[in-house]
Amino acid sequence: MCIGMGVFVMHMAVFMITMRLTFHPQPMPPKPKPTFKMAEEIVPDLEGGGRIVNREFTVTTRLAPEGTYKGRPEKPVTE
């Protein structure tokens with residue numbers, strides 16, 4: 001039993017080493033550009049003595065490739 005277990009473990013070690021040497025991982029895909037941006041501006045309130053916080057959020061989502069949808073025609077279709 002000990003000899004059989006030793007042979008099994010030795011074979012597993014050899015297989016693991018050969019797989020480790022021959023395996024080439026795929027490169028990571030490029031990260032997509034962020035679609036969410038935030039800008040913040042703090043303005044002091046001269047009359048009240050506090051501050052005014054202006055926040056702007058921008059979300060850009062493209063659901064279809066460029067050129068999928070065409071603009072409105074110059075003249076109506078029913079003419």
Do V53 and E41 pass the side chain to side chain contact (heavy atoms under 4.5 Å, CB included) test, and can you show the C-alpha distance, the side-chain angles, and the key distance before you say yes or no? CA-CA 6 Å; V53 180; E41 175 187 30; over 6 Å; no
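- With a 6.0 Å radius and a threshold of 12 heavy atoms from other residues, nucleotides or ligands, F15 has its CZ atom at or below the threshold.
- Separating the NZ atom in K37 from the CD atom in E56 is a distance of 10.5 Å, to the nearest 0.5 Å.
- Distance OG1/T22 to CD1/I17: 12.0 Å, rounded to 0.5 Å.
- For the atom pair CD (Q26) and CE (M28), the distance works out to 11.5 Å, reported to the nearest 0.5 Å.
- Taking the side-chain contact (heavy atoms from CB on, under 4.5 Å) definition, one finds that T60 meets it with T35, T58, sequence neighbours left out.
- The local environment of CZ in F57 is crowded, with over 12 non-hydrogen atoms from other residues, nucleotides or ligands closer than 6.0 Å.
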Taking it one step at a time, do I42 and R51 satisfy side chain to side chain contact (heavy atoms under 4.5 Å, CB included)? CA-CA 7 Å; I42 300 174; R51 62 183 186 163; 3.8 Å; yes
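- For CE of M16, the number of neighbouring non-hydrogen atoms (other residues, nucleotides, ligands) closer than 6.0 Å is 12 at most.
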